[in-house]
Amino acid sequence: MAKTRKKKRLSNLPGARNIILEDIDKDGKTDFYVLFAQANEQIVLFKNKGNEQFQAQTILKFPSVYGSSFMEMADINKDGKMDIILTNGDNADYSPEAKNYHGIHIYLNKGNQQFKPIQFIAVAGATKTISRDFDSDGHLDLATIAFFSPNDKSPSFLYFKNVGNEKFIASSLDIPKGQWMTMEAEDMDDDGDIDLLLGHFTFGKFKSAPHPYPFLVLKNNTIL
């Protein structure tokens with residue numbers, strides 16, 4: 001018997017940037033958060049009601065010029081609830097100058113889908129932030145790339161060590177300057193700690209890039 005597929009539109013909002021799947025209320029049905037990153041920028045929870053029915057709830061809204069680029073969820077304060085880490089810094093628009101509101105925003109989960117902003121870390125042209133315990137000290141650290149980093153003096157990669165109480169110490173780790181467009185975290189050498197893979201993109205001829213690497217593996221030597 002031939003299989004059929006039905007398309008169901010859940011939202012008319014433009015610019016769905018990324019999706020995080022999570023069974024919010026532990027009812028056995030998969031819900032999901034979506035970051036919408038164009039025009040009406042916001043994070044929306046689609047609650048799975050069963051029978052292919054979803055209830056949309058706006059969790060956070062942002063100005064239309066925010067340049068939202070990525071969303072991650074992680075338990076930053078170790079209270080058992082998933083917090084939101086929003087990266088904003090998309091600068092491919094009619095005002096490409098550096099903006100003081102670009103960077104990393106951390107929202108603590110207070111329960112009942114209420115999220116409280118507790119920290120902003122300015123990163124010009126920020127593109128993506130990943131939260132992992134990179135140094136294996138029990139705290140979630142942050143790694144950030146900035147594809148729209150405005151000039152040669154602004155870092156395009158930053159590592160933020162979590163020293164507790166939602167405080168972070170920043171370092172570029174002497175990573176080469178570049179237009180890092182994508183980043184993934186994984187234990188690529190099976191040694192027990194989390195490594196990073198950075199992907200580079202340059203407009204025009206690649207030889208004009210500040211370094212010859214189309215991608216870069218950052219090997220973590222925390223666990224030897």
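Index from 1, following the sequence.
- Between Asp31 and Lys47 there is a salt bridge, since at least one side-chain N of the basic residue sits less than 4.0 Å from a carboxylate O of the acidic one.
- Side-chain atoms of Ser136 and Thr222 include no donor-acceptor pair closer than 3.5 Å.
- Residues Phe36 and Gln38 have side chains not in contact (no heavy-atom distance under 4.5 Å, counting atoms from C-beta outward).
- Taking a cutoff of 4.0 Å between a charged side-chain nitrogen and a carboxylate oxygen, Lys81 and Asp75 do not qualify as a salt bridge.
- The two residues Ala146 and Ala124 make their nearest non-hydrogen contact at CB-O, 3.4 Å.
- No side-chain heavy atom of Phe201 sits under 4.5 Å from any side-chain heavy atom of Thr182.
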Going through the checks in order, is the side-chain contact (heavy atoms from CB on, under 4.5 Å) test met by Trp180 and Leu216?
CA-CA 9 Å; Trp180 303 113; Leu216 194 64; 3.8 Å; yes

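- A distance of 9.0 Å separates CG in Asp90 from NZ in Lys99, rounded to the nearest 0.5 Å.
- One finds no salt bridge joining Arg132 and Glu186 here, because no Lys/Arg side-chain nitrogen approaches an Asp/Glu carboxylate oxygen to under 4.0 Å.
- Separation of atoms CG (Leu196) and CZ (Phe134) is listed at 4.5 Å; rounding is to 0.5 Å.
- When the options Asp83, Ile118, Ile84, Ile76 are evaluated for a side-chain contact (heavy atoms from CB on, under 4.5 Å) with Tyr107, the one that passes is Ile84.
- When all heavy atoms of Thr58 and Gln42 are compared, the pair lying nearest together is OG1-OE1, 2.9 Å.
- Smallest separation of non-hydrogen atoms from Phe168 and Ile106: CE1-CD1, 3.8 Å.
- Side-chain contact between Ser171 and Phe160 is absent, with no heavy atoms from C-beta onward closer than 4.5 Å.
- Note on Glu184 versus Lys128: salt bridge recorded, some NZ/NE/NH1/NH2 to OD/OE distance being below 4.0 Å.
- In this structure, the separation between CD1 on Ile130 and CD on Glu72 is 6.5 Å, given to the nearest 0.5 Å.
- Salt bridge Asp23/Lys29: absent, no basic N to carboxylate O contact under 4.0 Å.
- Of all non-hydrogen atoms in Leu45 and Ile24, the two that sit nearest each other are CD1-CG1, 3.8 Å.
- Follow the hydrophobic side-chain contacts under 4.5 Å out from Val34 and you never reach Met71; the two are in separate clusters.
- The backbone N or O of Lys61 lies less than 3.5 Å from no partner atom in the side chain of Tyr66, so there is not a single donor-acceptor pair.
- Between Met181 and Ile145 the shortest side-chain heavy-atom distance does not fall below 4.5 Å.
- Counted by atom type alone, Ser149 and Ser156 present zero donor-acceptor pairs between their side chains at under 3.5 Å.
- In terms of modelled atom types and a separation under 3.5 Å, the side chain of Asn109 and the main chain of Phe115 share no donor-acceptor contact.
- Counting only N and O atoms by type, the side chains of His139 and Asp133 include no donor and acceptor under 3.5 Å apart.
- Taking the six-membered ring wherever Trp is involved, the centroid distance between the rings of Phe120 and Tyr101 does not fall below 6.0 Å.
- The two residues Phe148 and Gly89 make their nearest non-hydrogen contact at CD1-O, 3.6 Å.
- For the residue pair Gln57 / Tyr33, no side-chain donor-acceptor distance below 3.5 Å is found, with atom types taken as modelled.
- Here the shortest heavy-atom pairing between Ser69 and Leu35 reads C-CD2, 4.1 Å.
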